[in-house]
Amino acid sequence: MNLNEIRFACLDTETTGLSPETGGKICEIAVSVSQGGRVVDEFSTLLNPGLPMSPEVIAIHGITNEMVKDAPSFADVMPRLLGLLDNCVIVAHNADFDVSFLRAEFAACGMRFPPYPVVDTLKLARKSGKFARNRLGLIAEELGISCQGWHRAMADTKMAEQIFYYFLTILSKEGVTTLEQLNQFQCKRWKDLICH
């Protein structure tokens with residue numbers, strides 16, 4: 001399928017810890033669905049993780065226990081998420097992190113997280129060799145993309161989305177038109193794939 005025909009669901013999560021294996025939960029999630037570079041749907045919400053957040057975690061994303069106490073649970077928003085992600089390719093920066101939390105949250109609800117295809121802008125950045133540092137906000141800064149709100153879910157989603165379409169623009173000039181071709185560029189060094 002041509003990349004212009006694919007719906008990409010760019011997403012980001014903010015969490016109560018670094019890993020679901022150590023009890024971390026999602027406390028905010030944002031999704032922006034686009035096709036052909038045009039946003040067709042968006043969703044963002046705080047989530048009540050069902051446990052208190054430490055001052056160290058709050059210092060990272062600025063989401064307080066007070067802010068989430070009346071927020072919906074993950075189970076409450078899961079049907080909306082499934083509707084958004086249906087027939088999409090997930091895009092995220094450091095996607096393994098977000099997907100691991102989503103798998104754990106789905107499992108806690110007695111469901112399996114569907115095996116959506118995933119494109120990771122962190123992997124694309126690393127394999128491109130274009131950036132001094134590959135953290136989301138620093139890449140955005142290098143590209144002239146606003147970093148305002150960095151470490152909040154929708155701000156990070158929008159940064160990753162713009163970075164993703166930056167990469168798509170470059171790669172389309174190299175003849176990358178399918179998801180399979182795009183996957184090659186997140187798995188191998190770009191200079192090994194581009195023949196001039």
Side-chain angles (χ1 to χ4, degrees), residues 1-15 20 25-47 71-128 136 139-140 145 152-188 190 193:
M1 184 182 288
N2 190 287
L3 291 172
N4 285 328
E5 298 167 3
I6 295 174
R7 287 167 68 97
F8 292 102
C10 196
L11 63 80
D12 183 72
T13 61
E14 299 302 327
T15 64
K25 304 284 283 178
I26 298 175
C27 61
E28 187 178 38
I29 189 164
V31 182
S32 177
V33 179
S34 62
Q35 185 174 4
R38 188 177 66 83
V39 174
V40 294
D41 205 351
E42 287 183 343
F43 175 68
S44 178
T45 185
L46 291 168
L47 295 171
S73 69
F74 186 86
D76 293 333
V77 303
M78 193 168 63
R80 173 80 167 112
L81 281 176
L82 283 169
L84 276 171
L85 300 178
D86 189 40
N87 294 315
C88 285
V89 172
I90 289 177
V91 177
H93 196 78
N94 192 15
D96 291 344
F97 178 86
D98 298 290
V99 170
S100 71
F101 273 92
L102 286 165
R103 282 192 186 118
E105 294 284 6
F106 270 72
C109 297
M111 287 188 67
R112 181 171 168 262
F113 185 60
Y116 302 107
V118 177
V119 175
D120 190 338
T121 54
L122 175 59
K123 289 178 181 174
L124 286 170
R126 284 177 173 158
K127 298 299 181 182
S128 75
L136 178 67
I139 293 172
I145 297 166
R152 287 300 301 270
M154 187 52 88
D156 288 4
T157 293
K158 287 304 191 180
M159 274 189 268
E161 187 174 61
Q162 290 179 74
I163 290 165
F164 171 67
Y165 278 105
Y166 163 81
F167 287 136
L168 272 196
T169 300
I170 291 174
L171 293 174
S172 69
K173 292 173 185 168
E174 298 295 335
V176 175
T177 59
T178 68
L179 186 59
E180 182 182 32
Q181 290 171 323
L182 180 60
N183 278 328
Q184 290 181 323
F185 278 83
Q186 68 177 351
C187 296
K188 295 183 180 179
W190 289 21
L193 292 165

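Since the structure is predicted, the reported quantities are computational estimates derived from the model, not experimental observations. What you see below is based on every heavy atom in this structure, not just the backbone, and it leaves out hydrogens, waters and symmetry mates.
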* Are I29 and D12 side-chain neighbours, meaning at least one heavy-atom pair lies under 4.5 Å? -> no
* Asked: Between the side chain of D86 and the main-chain N/O of G83, is any donor-acceptor distance below 3.5 Å?
  -> no
* **Within 6.0 Å of CG in N2, more than 12 heavy atoms from elsewhere** => yes
* S73 side, atom OG; I26 side, atom CD1 - distance, nearest 0.5 Å -> 11.5 Å
* Asked: Hey, is D98 close enough to R103 for a salt bridge, meaning N to O under 4.0 Å?
  -> no
* Within a radius of less than 6.0 Å around CZ of R80, do more than 12 heavy atoms belonging to other residues, nucleotides or ligands occur? -> yes
Going by atom type alone, with no hydrogens or angles, which donor-acceptor pairs under 3.5 Å involve a side-chain atom of residues 30-37 and a protein atom two or more places apart or on another chain?
unit_1 : atom_1 : unit_2 : atom_2 : d
S32    : OG     : K158   : NZ     : 3.0
S32    : OG     : E161   : OE1    : 3.4
S32    : OG     : E161   : OE2    : 2.8
S34    : OG     : Y165   : OH     : 2.7
Q35    : NE2    : E5     : O      : 3.0

* **Exercise: identify the closest heavy-atom pair between H93 and L136** => NE2-N, 3.4 Å
* Between F101 and F97, what is the ring plane arrangement, given parallel below 30°, perpendicular above 60°, and tilted in between? -> tilted
* Structure fact -> In short, L182 meets V176 closest at the heavy-atom pair N-CG1, 3.7 Å
* Give a yes or no on whether the ring-centroid distance for F185 and F167 is below 6.0 angstrom. => no
* Asked: Taking side chain as C-beta onward, heavy atoms only, is T178 less than 4.5 Å from M1?
  -> no
* Asked: So, does E105 use its side chain to make a donor-acceptor pair with the main chain of A75 at under 3.5 Å?
  -> no
* **Side-chain heavy atoms of L81 within contact of F113, under 4.5 Å** => no
* Asked: Picking from L102, D156, V99, what satisfies side-chain contact (heavy atoms from CB on, under 4.5 Å) with L11?
  -> L102
* To do: Examine distances only and state if a side-chain atom of Q186 and a backbone atom of K123 form a donor-acceptor pair shorter than 3.5 Å.
  => no
* To do: Answer yes or no: is there a side-chain heavy-atom contact under 4.5 Å between N94 and T121?
  => no
* Rounded distance [0.5 Å steps], SG in C109 versus CE in M78 -> 4.5 Å
* **Check against side-chain contact (heavy atoms from CB on, under 4.5 Å), L84 and E42** => CA-CA 8 Å; L84 276 171; E42 287 183 343; over 6 Å; no
* **V89 side chain reached by Y116 side chain, heavy atoms, under 4.5 Å** => no
* In Å and rounded to the nearest 0.5 Å, what is the CE to OG1 distance from M154 to T45? -> 10.5 Å
* To do: Would you indicate whether the side-chain heavy atoms of L122 and I139 approach each other to under 4.5 Å?
  => no
* Asked: Do NZ/NE/NH1/NH2 and the carboxylate oxygens of E14 and R152 come within less than 4.0 Å?
  -> no
* F106 side chain near R112 side chain, heavy-atom distance below 4.5 Å -> no
* Could you tell me whether the side chain of T15 and the main chain of K25 form a donor-acceptor pair under 3.5 Å? => no
* Output the distance between atom CD (Q181) and atom OG (S172), rounded to the nearest 0.5 Å. => 11.0 Å
* Any side-chain heavy atom of L3 sitting closer than 4.5 Å to one from F8? -> yes
